[in-house]
Asks: 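Here it is, the structure, as structure tokens.
This structure is a prediction, so every number in the text was calculated from the model and none was measured. Just so you know, ligand 1 is whichever comes first in the structure, and atom 1 is the first atom listed for that ligand.
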Amino acid sequence: MRTGRPSHTAQHNALFRALEQRFPQPLFEDPWARRFLRGRYRLIAMLPAATVARVIDKRWPGPRAAVSVRTRYLDDAIIRALSDGLDQVVILGAGFDSRAYRLPGIERARVFEVDHPSTQAMKRAVVGLQAAHVTFVAMDFATDALGDALRASGFRSDLRTLFVWEGVTNYLDEASVDSTLRFVAHSGTALLFTYIDRAILDGSARFEGAAESIDYVRKLGEPFTYGLEPRQLETHLRERGLELVEDLPLSAVADRYYQADRPVVSGFYHVVAARCRG
Ligand SMILES: C[S@@+](CC[C@H](N)C(=O)[O-])C[C@H]1O[C@@H](n2cnc3c(N)ncnc32)[C@H](O)[C@@H]1O
């Protein structure tokens, strides 16, 4: 994140979700996505969606459809968790995630949207004050303590809480990811998060589209800085107080949603479900 500038990668994700809405059979419904777009992203979203998607997928194979696939996977997982009973949902690095405003039944839980102040200010200008169940928490994972920021906003660690951390760990450093995992393990019920395979950072494995993605986010000023090792994930989480339930590359999750005309979906990007053991 560049100081004072809202996240560009968050705008990309909103653009990808806005494009998905204009496909004949979208993987999910997100009527908010296009409202968050600014500048060139807003203009691109007005062009024919299938053509834009084709151009993006050719130049940067993987990330566009990966965002759609993970959005659907996480929507389904959050809806299941809500139906089991939740008191709080904490969305870490929320960006332009609109789940607090669109998932059925989420308004019965208190939702905390945690994000960098620059990105959050841009989102609040769109969502305004309309949702009484949402509390905004502005903080920097690199310098602020998540627990302090949440508690100051009314978060309670004795309630049933789902933490969602989508598309963020790859932009942080090891210390920030570690302290967040440990806090979540002791303060929540379950965690859904994404990570990138560390092998693309050290070049020890190759995935379709990885080089283009790495180059693109670096030029945007939001480089990939952190990844995890899939084979060590279970142990890694256990040592931090979390029990692994599921760890899937998004290319495998995509098999559930696409039949013919399957786009490239980033195989180095993983989605994880974990239980908090404390
Ligand atoms: C790629 S976006 C993902 C947004 C959203 N979760 C999604 O999946 O669309 C990354 C998000 O992480 C936030 N972020 C990045 N670095 C951060 C930091 N050091 N502290 C707080 N938030 C940060 C950005 O503001 C942005 O909202």
Asks: Judged on heavy-atom distance to atom 5 (C) of ligand 1, which of Ala10, Ala94, Ala138 sits nearest?
Replies: Ala94
Asks: Is the number of heavy atoms from other residues, nucleotides or ligands within 6.0 Å of CZ (Arg262) greater than 12?
Replies: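 Yes, the 6.0 Å shell around CZ holds more than 12 heavy atoms from other groups.
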Asks: Ligand 1 versus Phe141, non-hydrogen atoms closer than 4.0 Å: side chain, backbone, both, neither?
Replies: both
Asks: Evaluating non-hydrogen atoms only, which member of Thr225, Thr169, Asp140 is closest to atom 19 (N) of ligand 1?
Replies: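 Going through Thr225, Thr169, Asp140 one by one, Asp140 has the nearest heavy atom to atom 19 (N) of ligand 1.
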Asks: Might you point out which heavy atoms bring Leu162 and Leu191 nearest each other, and give the distance in Å?
Replies: CD1-N, 4.3 Å
Asks: Could you verify whether a donor N or O on one side chain and an acceptor N or O on the other, from Thr189 and Arg275, lie under 3.5 Å apart?
Replies: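 Looking only at side-chain atoms, Arg275 and Thr189 do not form any donor-acceptor pair under 3.5 Å.
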Asks: What orientation do Trp32 and Tyr101 show, parallel under 30°, tilted 30 to 60°, or perpendicular over 60°?
Replies: tilted
Asks: Taking 4.0 angstrom as the limit and counting only heavy atoms of Arg17, give me the atoms of ligand 1 inside it, by number and element.
Replies: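 Per the distance check, 7 (C), 8 (O), 9 (O).
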Asks: List ligand 1 atoms under 4.0 Å from Thr119, heavy atoms only on the residue side.
Replies: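 What qualifies from ligand 1 is 24 (C), 25 (O), 27 (O).
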Asks: Which pair of non-hydrogen atoms, one from Ala100 and one from Ile106, has the smallest distance, and what is that distance?
Replies: O-CG2, 3.4 Å
Asks: Taking all atoms of both residues into account, what is the closest heavy-atom pair of Gln11 and Arg38, and its distance?
Replies: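 Looks like OE1-N, 3.0 Å.
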Asks: Taking the side chain from Thr225 and the backbone from Asn170, do they hold a donor-acceptor pair closer than 3.5 Å?
Replies: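 Yes: the side chain of Thr225 pairs with the backbone of Asn170.
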Asks: With respect to Asn13, determine whether any N or O atom, backbone or side chain, lies less than 3.5 Å from an N or O atom of ligand 1.
Replies: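 Between Asn13 and ligand 1 (N or O atoms, distance only) the closest approach is under 3.5 Å.
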Asks: Using a 4.0 Å cut-off to any heavy atom of Arg70, which atoms of ligand 1 qualify?
Replies: 7 (C), 8 (O)
Asks: With heavy atoms under 4.0 Å as the rule, classify the contact between Glu222 and ligand 1 as side chain, backbone, both or neither.
Replies: neither
Asks: Keeping the roles fixed (side chain from Asp115, backbone from Gly95), state whether a donor-acceptor pair exists under 3.5 Å.
Replies: yes
Asks: Can you list the atoms of ligand 1 that are under 4.0 Å from a heavy atom of Asp115?
Replies: 13 (C), 22 (N), 24 (C), 25 (O), 26 (C), 27 (O)
Asks: Would you mind listing which atoms of ligand 1 come within a distance below 4.0 Å of any non-hydrogen atom of Thr9?
Replies: 1 (C), 2 (S)
Asks: Aromatic rings Phe155 and Phe112: how do their planes relate, parallel, tilted or perpendicular, breaks at 30° and 60°?
Replies: perpendicular
Asks: Please determine whether any non-hydrogen atom of Phe96 lies less than 4.0 Å from an atom of ligand 1.
Replies: no
Asks: Determine whether the side chain, the backbone, both or neither of Leu172 has a heavy atom under 4.0 Å from any heavy atom of ligand 1.
Replies: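 Side chain only; the backbone of Leu172 stays clear of ligand 1.
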Asks: Go through ligand 1 atom by atom and flag the ones less than 4.0 Å from a non-hydrogen atom of Val168.
Replies: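 Answer, ordered by atom number: 12 (O).
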Asks: Under a 4.0 Å heavy-atom limit, does Met122 contact ligand 1 with its side chain, its backbone, both, or neither?
Replies: neither
Asks: For Phe224 and Tyr269, take the angle between the two ring planes, folded into 0 to 90°, and tell me which bin it lands in: parallel under 30, tilted 30 to 60, perpendicular over 60.
Replies: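 Ring orientation of Phe224 relative to Tyr269: perpendicular.
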Asks: For the aromatic rings, using the six-membered ring if either is Trp, is the centroid distance between His12 and Tyr216 under 6.0 Å?
Replies: yes
Asks: Consider ligand 1: state whether an atom of it lies below 4.0 angstrom from any non-hydrogen atom of Gln120.
Replies: no
Asks: State the atoms of ligand 1, each with its element, that fall below the 4.0 Å cut-off from a heavy-atom position in Tyr171.
Replies: 1 (C)
Asks: Is His12 near ligand 1, meaning one of its heavy atoms is under 4.0 Å from it?
Replies: no
Asks: Please identify which atoms of ligand 1 are closer than 4.0 Å to at least one heavy atom of Gly167.
Replies: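 Per the distance check, 1 (C), 2 (S), 3 (C), 10 (C).
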